[in-house]
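Structure first, then comments.
Just so it is clear, the model here is predicted, and its values are computed rather than measured. For ligands, and for the atoms within them, numbers begin at 1 and follow the listed sequence.
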Amino acid sequence: MTAMPAVAPSSAWAVSPQGTQTYTLPQLPYAYDALDTVIDKETMKIHHSKHHQGYVNNLNAALAANATKKSPVALEQLLAEISQWPVAVRNNAGGHWNHSFFWTSLTPMDQFTAPQGAFKAALDRQFGSLEAFQDAFEKAGASQFGSGWVWLIQKTDGTLAITSTPNQDNPLMDVASVQGQPLLGWDVWEHAYYLKYQNRRADYLKSMWKIVNWEQVASRYRAAAQSAK
Ligand code: MN3
């Protein structure tokens, strides 16, 4: 059986015909107001069309400025060897990957389904219960100092773990202190929540459980489990 890609391929990962790598902003899988109960339309619009677009533009510029280096084909390959690249590539490659991953980790509330099956069993095994996992995940997100991300990852030994990264780093980077395949990742930069939640990051984190795309998370879990065999 062929392992499913961890992230659905999209124009975000395209290599141009000239062989010069240029990345593009992926479309959201829902409307800007689709998550409105938890994340307001204005935040979604600015976050996607300004912040994410900025990471894409700056990544392309940073890669062009380092054209003498051999560009890896896939973004995930770039992340795996990010220590060999300047910080502008690290920040913007991370920013592009993280946000592409973030959008597809969320779903409108009316399409929400609870975690189930083998993935739910793995959560229970690792953390005791879904509630215990959620509590630990929220705590990790709330205690990440300054800007960054909180992650559920699958490590190479198959176990699940919660970790956080500063700035736009992520657990796929060779510089990450805890590495693994991300299954779920939440943006804890203030731009992700400030309009609706102001300084109340913990409230934002608690609300986010209403819009997690658990089917997508479980499909990443199956793909990671398959490729680990
Ligand atoms: Mn962001």
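Between W186 and W149, the closest side-chain pair of non-hydrogen atoms is not below 4.5 Å.
The ring pair (Phe, Tyr, Trp, His ring centres under 6.0 Å) with H47 is formed by just one residue from the set W103, W189, Y193; it is W103. Between Y204 and the options Y194, W209, Y197, a ring pair (Phe, Tyr, Trp, His ring centres under 6.0 Å) holds for only Y197.
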For H52 and H96, run ring-ring contact (aromatic ring centres under 6.0 Å, His included): C-alpha distance rounded to whole Å, both residues' side-chain angles, the deciding distance at 0.1 Å, then the answer. CA-CA 6 Å; H52 190 171; H96 179 35; 5.2 Å; yes
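Using cut-offs of 30° and 60° on the angle between ring planes, the pair W214 and F133 is perpendicular.
A donor-acceptor contact shorter than 3.5 Å is absent between the side chain of D169 and the backbone of T165.
Around the Mn ion (ligand 1), the protein contributes the following N, O or S atoms under 2.8 Å, ordered by chain and number: H47 NE2, H99 NE2, D187 OD2, H191 NE2.
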